[in-house]
Trainee: 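There's a structure below that I have some questions on.
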Amino acid sequence: MTPAPPDTSIPTLGPCRFPSPLHHFGTVEAPFKTETDRILYHSHLLEDGRDVSTPSYEEAGPREKIYFDPPKTTVGIVTCGGLCPGLNDIIRGIVMRCHHQYGVARTYGFRYGYEGLVQRYGHTPLLLRPNSVEQAHHFGGTLLGSSRGQQDIGEMVDTLEDMKVDILFVIGGDGTLRGAAEIVKEIERRGLKKAVVGIPKTIDNDIRFLDKSFGFETAFDAAVQAVKCAYVEATGAVNGVGLVKLMGRDSGFIACYAALAGSNVDFVLIPEVKFELEGDGGLLESLRLRLLKRRNAVIVVAEGAGQHLMETGDATDASGNKKYGDIGQFLKDRINGYFKSRKTEVNLKYIDPSYIVRSVPANAQDNVYCSRLAQSAVHAAMGGKTGMLVGRWHGSFVHLPLELVIHGRRKVDPTQELWHSVLECTGQPAVMK
Ligand code: ATP
Ligand code: MG
């Protein structure tokens, strides 16, 4: 049976009455879009060759008529959750577009995530102007700061009301976007006309219904450097083992791509594929055989892999996300113990580059990608769209309803091509049990 197409309709605040200032921008007419400009959801025909419902996304881009009157419009930006390359690029892009293209009255940057929207924390918002963000993209991190931890939705919307913020841009991961969806509901409940537009952040590239997330390419570049260093360490010692822990709480895309980038990886361990340590087919014995054959080995493990092997308990972080056990440190200890018990020399070097990978400045590809995401977000919000986020699908920038993406993540499918390519290039056993 054909799966039901996703509901891709985007809520709007109401009719657009103001001519876009982009009419007067330079000598070239802006490439205005209408809601009938759509990007097809399926890039392949369905199995039976029919695509009855032809689901599609609204195409991002400037609208001829906009909802907000720019000189009377106040914008807010907030970044939440963990760091990811490109955050500053997005902030910069939003500030530049709002100021130069639309001429909005003011743009505030809320400090330290959702805390910045709660007045009792006392984090004074920054008034952002082009010269405050001009250089921002040369640096990693977020110039606004970030935080975790649940905040009261009512208090946050109070702040938006008090500061007369018309548009809130929210940059963050799944938690942040769930928060944004709650803010939208509260805004609706109060009968306010405020737009909330998200720019999804996930260094793991695991957002469903999207081609790729910003910062992924930069993070991936940095991750590959770490894996290459692990290989150098592994080849420089008798029975050298380079062990690298990469990001990927629930999805192992970075680990998979790092192996495919020609970094001589022998084992890739991801959350989607269960493995065991002990037994003839387990990781430890497979590693011993690999060392016998090659004298060295590189293991790349995603942070969410092998959690069933450890006692992890129920601890959570400030936002309520489950705290994962440190699979890197755990594997290091178990591998060293295994070879020690067999009286075999092993030289294991453990590299955990997480904080370096997260905090590097975006590369040129991501500079461009972030800038275009920011541009799309500003056009959408000025057009009165809300409860949505911007992303790329089949190479085009599109609008997606928030509700569509906040439930569930994209994962590596062990039956599909990507994982098979990983198995081919590592030569690791398909099953390690
Ligand atoms: P990362 O991928 O780096 O973890 P994230 O956006 O998922 O990014 P979180 O710390 O989980 O990071 O969440 C960011 C913010 O969103 C926190 O302040 C958190 O309390 C808030 N949040 C998460 N879920 C909800 C929700 N259902 N309702 C309201 N706020 C939420
Ligand atoms: Mg998260």
Side-chain angles (χ1 to χ4, degrees), residues 76-88 90-91 110-121 123 140-142 144-160 168-189 196-208 210 212-216 218-220 223 246-254 271 302-304 307 315-324 354-360 362 373 387 389-391 402-411:
I77 310 176
V78 64
T79 54
C80 299
L83 297 185
C84 173
L87 287 166
N88 277 337
I90 305 257
I91 299 167
F110 291 103
R111 309 294 319 274
Y112 306 113
Y114 284 142
E115 279 187 19
L117 280 157
V118 178
Q119 290 171 32
R120 59 196 155 76
Y121 284 99
H123 304 313
T142 159
L144 299 178
S146 186
S147 68
R148 297 193 189 277
Q150 193 75 34
Q151 305 304 336
D152 185 82
I153 302 293
E155 282 183 82
M156 292 201 270
V157 177
D158 288 346
T159 303
L160 297 179
L168 180 66
F169 292 105
V170 177
I171 314 164
D174 54 342
T176 306
L177 299 176
R178 275 195 294 275
E182 294 301 321
I183 294 174
V184 172
K185 280 186 202 149
E186 180 60 17
I187 287 173
E188 274 171 15
R189 203 186 61 75
V196 178
V197 170
I199 297 111
K201 168 199 79 74
T202 150
I203 209 162
D204 303 343
N205 203 23
D206 57 356
I207 297 196
R208 294 191 303 163
L210 280 185
K212 71 163 181 173
S213 50
F214 75 83
F216 175 73
T218 304
F220 170 61
L246 295 181
M247 300 80 62
R249 278 175 64 84
D250 301 291
S251 312
F253 290 104
I254 288 197
E303 61 181 318
Q307 293 296 310
T316 55
D317 69 12
S319 295
N321 302 304
K322 184 172 169 19
K323 272 197 179 156
Y324 281 12
S354 323
Y355 288 109
I356 296 169
V357 167
R358 280 163 34 131
S359 59
V360 291
L373 278 175
L389 48 83
V390 287
L402 264 177
E403 290 295 332
L404 197 62
V405 281
I406 56 182
H407 308 292
R409 292 164 185 279
R410 199 157 64 90
K411 292 188 181 259

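In listed order, ligands and their atoms are each counted from 1.
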Trainee: Answer yes if the side chains of Y324 and D317 hold a donor-acceptor pair under 3.5 Å, and no otherwise.
Mentor: no
Trainee: Starting at NZ of K212, measure out to CG of D206 and round the result to the nearest 0.5 Å.
Mentor: 15.0 Å
Trainee: Rounded to the nearest 0.5 Å, what separation is found between the OG1 atom of T142 and the OH atom of Y112?
Mentor: 9.5 Å
Trainee: Tell me, which N, O or S atom in D174 is closest to the Mg ion (ligand 2)?
Mentor: OD1
Trainee: If you count heavy atoms of other groups shown closer than 6.0 angstrom to NZ of K322, is the number above 12?
Mentor: yes
Trainee: Could you tell me, for ligand 1, which of its N or O atoms are under 3.5 Å from any protein N or O, listing the pairs and their distances rounded to 0.1 Å?
Mentor:
unit_1, atom_1, unit_2, atom_2, d
ligand 1, 3 (O), G82, N, 2.7
ligand 1, 3 (O), K201, NZ, 2.8
ligand 1, 4 (O), R148, NH1, 2.8
ligand 1, 6 (O), G173, N, 2.9
ligand 1, 6 (O), G173, O, 3.4
ligand 1, 6 (O), T176, N, 2.9
ligand 1, 6 (O), T176, OG1, 2.3
ligand 1, 7 (O), D174, N, 3.4
ligand 1, 7 (O), D174, OD1, 2.5
ligand 1, 7 (O), G175, N, 2.9
ligand 1, 10 (O), R148, NH1, 2.7
ligand 1, 10 (O), S319, OG, 2.6
ligand 1, 11 (O), N321, ND2, 2.9
ligand 1, 12 (O), R148, NH1, 3.1
ligand 1, 16 (O), G175, O, 3.3
ligand 1, 18 (O), G149, O, 2.6
ligand 1, 20 (O), G149, O, 2.9
ligand 1, 20 (O), Q150, N, 3.0
ligand 1, 22 (N), G175, O, 3.2
ligand 1, 24 (N), G175, O, 3.3
ligand 1, 28 (N), Q150, NE2, 3.4
ligand 1, 30 (N), Q150, NE2, 3.2

Trainee: Is there a salt bridge (charged side-chain N to carboxylate O under 4.0 Å, His left out) between K185 and E182? Walk through the geometry before answering.
Mentor: CA-CA 5 Å; K185 280 186 202 149; E182 294 301 321; 3.5 Å; yes
Trainee: Could you tell me which residues satisfy salt bridge (Lys or Arg N to Asp or Glu O under 4.0 Å) with R178, sequence neighbours excluded, listed by chain and number?
Mentor: D174
